[in-house]
Amino acid sequence: MTSILGLSLLELCYIIASVTFIFGLKMLSSPDKARKGNLIAAYGMGIAIIATILFKEELTPEKWPNYALILAGLVVGTVIGTRMALKVKMTAMPQMVSFFNGMGGACAAVISLVEFDHLMHAGQVELGMMIVIILGLIIGSVSFSGSIIAYGKLEGKIADRALPAGQVINIVLLLAILGLGAFIVWSGSTSPIYIYALLAISLLYGVLFVMPIGGADMPVVISLLNSFTGMAAAFGGFLYDNQAMLTGGILVGSAGTILTVLMCTAMNRSLTNVIIGSFGGNSAAGGESGEEGSIKEITVTDAAILLAYANKVMVVPGYGLAVAQAQHTIHNLEKLLDDKGVEMNYAIHPVAGRMPGHMNVLLAEADVPYPKLLEMEDANEAMASTDVVLVIGANDVVNPAAENDPSSPIYGMPIVKVLEAKNVIVMKRSMGKGYAGIENKLFYHDKNRMLFGDAKDSIEKLISEVKNL
Amino acid sequence: MDNLLSLFYENREFIFLIIVSIFLGIEVISNVPAVLHTPLMSGANAIHGVVIIGSIIIMLEADPTNYFALGLGFLAVVLGTLNVVGGFVVTNRMLEMFKKKEK
């Protein structure tokens, strides 16, 4: 242990770090302060890390390999992390966040493993410590494997796959985790077999828990895993009596949980369903598959005329916009229409895309002005006075089944009410179903016209047609 | 039961801190506009990278000949740094775009 002075400085630094985390999160909630908030939290983190290295233990010469390894680890992590974060495309942001989240979860799990080994050799087992280690291990590893699967799925490397009886398997695994965890704690057994078995089951649970979940539900899962890692960090704080870890972890744990709940409410899902891992995978079974009416296509020229002579146009963007990288193109169309006196706004559904706010980030990248991004309630109010709605690569968030078909799996989810506008144009690559795998009656509606093709291509064609008018 | 009660008593201040922090976390993000949900999630993601402190403590306390602890500790430091640095840089990149627009 170091001197009283060193330890006091250390605690002081932890308090400063905790305060920066709180301020950082708070400032992230207003657009003009958000960037500063992020930087403040980052500085706080830096202070906490440096203070730990300097003041936690007395600097002794025989420990130089430890210090060398710490610095090496920091350098390696910083170089790789910065490169990945700077190289990633804006459209791939959700999976990047999921990946980094997984790293945090893995870190927590590894800490638990080392501390368990420590207990094993120390011979004496404290109940509180054991509970904290076990919980950190379980939550950290579920968060790690779950996040990696979420990353793989969003990258398109892993397909959605629902195991037969997947729900039952998940419940059994969950019970096995809790049972084995409780057994280790109560028996005070320091046998490595149990702890590695617990690690393996937890990792497997993380995989199977995210595996069957469809894309529309992915934002909820990433948010949930994010709060898991927060909790795992908080257990680490318990373990080391560390205020910074505790505050940071709990803040993220509770904030992440609330965010998750908000998203669930927006999608009319219950959190229990998320945890048991039942949703998404079997939703294709629900809903009516009978197609009614016929689809009417629209030519690019007709669509351009419709847009150019409208007063108000509303764009409803979805994941298709992100896939086609069409955010800059749509902004160009918006500027062009603006010159012609057409007012164009964007209706942002809370769960459009693969992450809450995904569309906002994308459109912000393309310099679309803030006031043009309407939240769903405002957009729906403006719908009656809108002449043309342009749905770009969105599907489930405009599906009227959510309002009028109680048998549909998305029944009750608030949607963008595009049918209240005078005309609807849906831009889609093909007649494929949405990510949730549900038929969309909107496509067969009288008011609706389809414009097939890649979103970016189609918008570019629209731009040149509008210019020619 | 006695064990649990004494555990509770010994950690009562921590438990108090936890409860207050939970409410603080809820309060702090309760009025975030949907626009900022992704950066907020990403920023929160970076903040839970504090676990890295745990991995540094492992490394500091490990005996220089305990290769198990040193090896896994090193791995944990790398993983934690990825979480912290990657998280903050990604968040900053997202928010940079919001800032540019305000001009």
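Labels below follow one simple rule: chain letters A, B, ... track the order of the sequence lines, proteins then strands, and each chain is numbered from 1. For the numbers below, each heavy atom of this structure counts, side chains included, while hydrogens, waters and symmetry mates do not.
With respect to chain B, the highest number of heavy-atom pairs below 4.5 Å among A/E115, A/M96, A/H118, A/M103 belongs to A/M103. Considering only heavy-atom pairs separated by less than 4.5 Å from chain A, the leading option among B/V28, B/I52, B/D63 is B/V28. When each of A/V88, A/L39, A/L113, A/V75 is checked for heavy-atom pairs under 4.5 Å with chain B, A/V88 comes out on top. When each of A/K26, A/E62, A/E126 is scored by its heavy-atom pairs under 4.5 Å with chain B, the top score falls to A/K26.
Only the side chain of A/I131 comes within contact range of chain B, judged by heavy atoms closer than 4.5 Å. At a 4.5 Å heavy-atom cutoff, the contact between B/L75 and chain A is made by side-chain atoms alone. Proximity to chain B (any heavy atom under 4.5 Å) is restricted, for A/S30, to the backbone atoms N, CA, C and O. Only the side chain of B/V84 comes within less than 4.5 Å of a heavy atom of chain A; its backbone N, CA, C and O stay farther away. Residue contact with chain B, scored on non-hydrogen atoms closer than 4.5 Å, is absent for A/A51. In this structure, chain B has a heavy atom under 4.5 Å from the side chain of A/Q243, while its backbone stays farther away. Using a 4.5 Å cut-off between heavy atoms, B/A46 touches chain A through its backbone atoms (N, CA, C, O) alone. Residue A/Y67 touches chain B through its side chain alone, counting heavy-atom pairs closer than 4.5 Å.
The 12-atom threshold is exceeded at CZ of B/F68, counting heavy atoms of other residues, nucleotides or ligands nearer than 6.0 Å. The local environment of NZ in A/K36 is sparse, with at most 12 non-hydrogen atoms from other residues, nucleotides or ligands closer than 6.0 Å. Within a 6.0 Å radius of CZ in A/F23, no more than 12 heavy atoms belonging to other residues, nucleotides or ligands are found. Counting non-hydrogen atoms of other residues, nucleotides and ligands closer than 6.0 Å to NZ of A/K33 gives a total of 12 or fewer.
For the pair B/T38/A/N360, no side-chain contact is recorded, criterion being any heavy-atom separation below 4.5 Å from C-beta on.
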Practice item. Please assess A/H331 against A/L363 for the test side chain to side chain contact (heavy atoms under 4.5 Å, CB included), listing each intermediate value before the final yes or no. Key: CA-CA 8 Å; A/H331 181 48; A/L363 293 170; over 6 Å; no
